[in-house]
Amino acid sequence: MANFDLLLLAGDGIGSEIMAQAVKIIDWLNRQGDHTFTLEEDLVGGASYDAHKSPATDAMMAKAMKADAILFGSVGGSKWDNVDYALRPEAGLLRLRKDLELFANLRPALCYPALAVGSSLKTELVEGLDIMIVRELTGGVYFGEPKEITGRGNEKRAVDTQVYTTSEIDRIARIAFDLARKRGNKVHSVEKNNVMATGVLWKEVVGQIHKEDFSDVELHHMLADNCSMQLVRQPKQFDVIVTDNLFGDMLSDTAAMLTGSLGMLPSASLGAEDEGGKRRAMYEPVHGSAPDIAGQGKANPLAMIGSLTMAMRYSFDMGKEADLVDDAIAAVLAQNLRTADIMMDGMEMVSTDGMGDAVISEIEKAAG
Ligand code: IPM
Ligand code: MG
């Protein structure tokens with residue numbers, strides 16, 4: 001029997017509503033007693049700014065460093081539009097990623113059979129879709145220096161810096177190749193080497209690692225603009241996509257929508273393995289804080305619950321239990337229960353809470 005420390009950072013907007021549904025599942029797991037979780041909570045993002053004038057306090061960061069994993073809801077909202085750039089809610093999320101060195105962001109885009117008809121693409125294009133986007137998360141234009149606005153008056157100058165080193169590309173490429181071996185054995189490495197120096201280095205390093213250590217994996221180099229087009233033209237050509245921080249941000253939103261709703265996509269952000277084989281890890285839905293529907297019970301909790309099952313797989317070696325929960329999600333969708341974002345004619349609309357309860361009752365049924 002193992003016990004794990006889980007830090008819950010619900011954040012802003014719909015964060016606390018969807019987190020509450022994941023907690024129902026954690027409570028259920030705790031009642032089974034095989035693997036148990038000790039939960040801690042803290043504020044992040046705008047909620048933390050309101051309480052402490054900081055989107056990520058040192059005290060919260062210390063808890064995050066100690067936890068076996070973090071479950072993260074969402075941050076941001078127009079309420080904080082006028083907050084200083086360095087203190088905006090998103091800066092809290094970026095600090096967590098950077099300080100915990102969570103360089104590998106895994107964003108699976110899986111199309112549940114029951115949702116294929118809900119995609120904006122033709123059903124046959126997305127049915128059975130199973131893509132894994134591996135996004136570099138601690139480098140690139142998100143963190144490169146200088147990053148500033150200079151000048152005064154009518155003619156200012158803004159700079160963001162895209163920077164990548166060999167070792168940053170090396171480690172994310174290895175994650176992608178390793179994952180591909182456990183899936184469809186195919187990697188698309190995505191950059192813009194036709195315009196960007198970082199793209200030239202990216203392609204070179206990925207090609208080199210492939211030649212040396214992963215030549216059994218099928219590798220394609222693809223320009224990012226072409227990739228965005230191919231994702232909506234023929235998404236099933238992809239297995240694993242590995243790309244930089246900014247392209248990964250954009251392409252994963254596109255991939256998410258192929259599956260029917262942004263509300264369906266979980267993610268894992270992982271650090272390097274330590275000597276004991278453990279990785280720092282944070283799990284979060286790909287969607288944002290959706291302040292327009294916050295507090296109304298309309299949010300879809302399935303990406304949050306899916307993020308918990310990713311934690312069970314990648315941090316806690318609970319593949320069997322994760323399968324149970326993921327199967328429950330599929331079953332609930334097959335029963336035609338839908339939150340507002342995935343609602344269709346003839347389906348039954350449920351609230352955030354209702355969706356969480358439906359997943360729990362499926363889990364209980366399956367567990368017997
Ligand atoms: C994401 C989000 C974040 C990002 C925002 C909230 C800072 O869009 O996780 O994809 O740009 O990385
Ligand atoms: Mg994004």
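Every heavy atom of this structure was used, including side-chain atoms; hydrogens, water molecules and symmetry mates were not. On a predicted model such as this, the values are computed, not experimentally measured, just so you know. When a ligand or atom number is given, it counts from 1 through the structure's own listing order.
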**Request:** Could you check atom 8 (O) of ligand 1 against the protein and tell me its nearest heavy-atom contact, residue, atom and distance included?
**Result:** D249 OD1, 3.3 Å

**Message:** Just to confirm my output: which protein heavy-atom neighbour is closest to atom 4 (C) of ligand 1, and how far is it?
**Reply:** Y142 OH, 3.3 Å

Does either side chain, that of [X] or that of [Y], offer a donor lying less than 3.5 Å from an acceptor on the other one?
| X | Y | result |
| --- | --- | --- |
| T36 | N30 | no |
| D244 | Q162 | yes |
| E191 | N193 | yes |

**Asked** Which ligand 1 atoms does E90 reach within 4.0 Å, using its non-hydrogen atoms?
**Response** 6 (C), 7 (C)

**Complete:** Test side-chain contact (heavy atoms from CB on, under 4.5 Å), reference F238, set D130, L129, I131, output is I131

**Request:** Work out whether the distance between some heavy atom of M250 and some atom of ligand 1 is less than 4.0 Å.
**Result:** no

**Asked** So which N/O/S atom does D249 have closest to the Mg ion (ligand 2)?
**Response** OD1

**Item:** H287, R107, R88: member with heavy atom nearest to atom 1 (C) of ligand 1
**Value:** R107

**Message:** A cation-pi test, strictly: NZ or CZ of R171 under 6.0 Å from the centre of the six-membered ring of F103 and no more than 45 degrees from its axis. Yes or no?
**Reply:** yes

